[in-house]
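Only a predicted model underlies this, so the values are computations on that prediction, with no experimental measurement involved.
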Amino acid sequence: MISDKELREAARQYEQALLRALPEPEDCEAVFSPDFERKMKKLIFRVDHPIRYWLRRLLPVLLAVGLAAAALLLAKQAPAEEPPVQTQTEPPAASAEPSPPGESQEPAARAIVYRPTWLPEGCEWDRETLYENEGMIVYRTPGGGEAVFLYDLTGGGPENPGGGREVPVGDGIGTLLLGRNKEALNELFWADEGAGVSFWLSAPFGEEDMVRVAESVRAEA
């Protein structure tokens with residue numbers, strides 16, 4: 001009868017023989033379907049950036065909840081008051097038409113809106129959702145991706161996950177998080193301490209362009 005020691009040795013020799021029979025890794029070729037590649041990229045991004053992954057998943061839900069709350073508040077207000085929420089699907093007009101002669105018209109009240117005044121060449125306005133105290137503006141980038149700009153007039157805004165690097169943004173300091181692979185987006189958090197406004201930019205831009213976009217942000221008159 002074969003002993004346990006002899007059985008283990010025979011199994012080890014058999015394993016080595018099987019490994020020697022396998023081709024070298026560089027000789028192996030595998031072609032994956034585009035659908036499989038997309039799923040793997042999503043999985044890698046979710047593992048490498050869990051906070052940003054869930055932020056992307058939860059952002060539409062939070063915006064929808066905020067919109068529903070604003071609509072409920074509006075329903076309780078007097079009909080003559082302006083709605084606190086403004087959602088645009090077309091680029092904002094450059095100027096409004098003047099009132100007819102002899103007709104007195106009060107200007108419509110609106111919250112302050114912040115926008116970047118500079119973006120890398122080829123970026124185009126895509127959509128925006130503006131609330132009473134916060135807003136989200138999305139731009140389409142030349143590569144088919146998205147650059148998302150958010151502001152919060154209460155000084156809140158998206159939570160900074162930490163681990164970033166401090167960079168100068170105008171007269172202040174921002175926190176820059178660079179993606180760890182080419183598919184990851186870069187993020188920049190900064191604030192206007194004097195105005196009490198916080199900002200967040202998520203985009204496939206380099207460090208210099210991220211800072212330049214941040215420094216170009218202005219409040220609409």
Would you verify whether the NZ or CZ of Arg212 falls within 45 degrees of the ring axis of Trp118 while also being under 6.0 Å from that six-membered ring's centre?
yes
Measure up the Phe199 and Tyr114 rings against each other and bin them: parallel (under 30°), tilted (30 to 60°), perpendicular (over 60°).
perpendicular
Apply the test side-chain contact (heavy atoms from CB on, under 4.5 Å) to residues Leu176 and Glu207: give CA-CA distance (whole Å), side-chain angles for both, the deciding distance (0.1 Å), then the verdict.
CA-CA 8 Å; Leu176 179 67; Glu207 177 178 344; 3.4 Å; yes
Expected output: side-chain Arg12 to main-chain Gln16 donor-acceptor under 3.5 Å
no
Which atom of Ala203 lies closest to which atom of Ala147, heavy atoms considered:
CB-CB, 3.6 Å
Applying a strict under-4.5 Å side-chain criterion to I, L, V, M, F, W and Y, I'd like to know whether Val197 and Ile112 cluster together.
yes
Is Thr117 reaching over with its side chain to a backbone N or O of Ser216, donor-acceptor style, under 3.5 angstrom?
yes
Does the side chain of Trp190 come within less than 4.5 Å of Ser198's, by heavy atoms?
no
Before you tell me yes or no, could you show the steps for Leu201 and Phe189 under side-chain contact (heavy atoms from CB on, under 4.5 Å), namely the whole-Å CA-CA distance, both residues' side-chain angles and the distance that decides it to 0.1 Å?
CA-CA 7 Å; Leu201 175 66; Phe189 299 82; over 6 Å; no
Where Met210 and Leu188 come nearest, the two heavy atoms and their spacing:
O-CD2, 3.6 Å
Would you call Glu15 and Arg20 a salt bridge, using N to O less than 4.0 angstrom?
no
List the steps, then state whether side-chain contact (heavy atoms from CB on, under 4.5 Å) holds for Val148 with Trp200.
CA-CA 8 Å; Val148 181; Trp200 175 69; 4.1 Å; yes
Apply side-chain contact (heavy atoms from CB on, under 4.5 Å) to the pair Val138 and Trp125, showing each step before the final yes or no.
CA-CA 7 Å; Val138 181; Trp125 182 96; over 6 Å; no
Atom CD of Gln13: over 12 foreign heavy atoms under 6.0 Å
yes
Does atom CG of Asp171 have more than 12 heavy-atom neighbours from other groups under 6.0 Å away?
no
Do Thr175 and Leu177 have side chains that approach each other closer than 4.5 Å (heavy atoms only, starting at C-beta)?
yes
Using 0.5 Å steps for rounding, measure from the CZ atom of Arg140 to the CG atom of Leu119.
13.5 Å
Val169 to Ala214 - nearest heavy-atom pair and separation:
CG1-CB, 3.8 Å
Single-linkage hydrophobic cluster, 4.5 Å side-chain cutoff, Leu178 and Phe149 together:
yes
Within the 4.5 Å heavy-atom criterion, are Glu128 and Met136 side-chain neighbours or not?
no
Tell me every residue that passes side-chain hydrogen bond (donor to acceptor under 3.5 Å, both in side chains) with Arg8, counting only those two or more places apart in sequence or in another chain.
none
Do you know the tightest heavy-atom contact between Phe205 and Asn186?
O-ND2, 2.6 Å
Quick one: closest heavy-atom pair of Val213 and Pro120, and the distance?
CG2-CD, 4.0 Å
Search all heavy atoms of Arg115 against all heavy atoms of Ile137 and return the closest pair with its distance.
NH1-CD1, 3.5 Å
Output the distance between atom CD1 (Ile173) and atom CD (Glu193), rounded to the nearest 0.5 Å.
11.0 Å
Between Glu215 (side chain only) and Gly170 (backbone N and O only), is there a donor and an acceptor less than 3.5 Å apart?
yes
Separation between OG1 of Thr141 and OH of Tyr139, rounded to the nearest 0.5 Å
13.0 Å
Is any side-chain heavy atom of Tyr131 less than 4.5 Å from a side-chain heavy atom of Asp152?
no
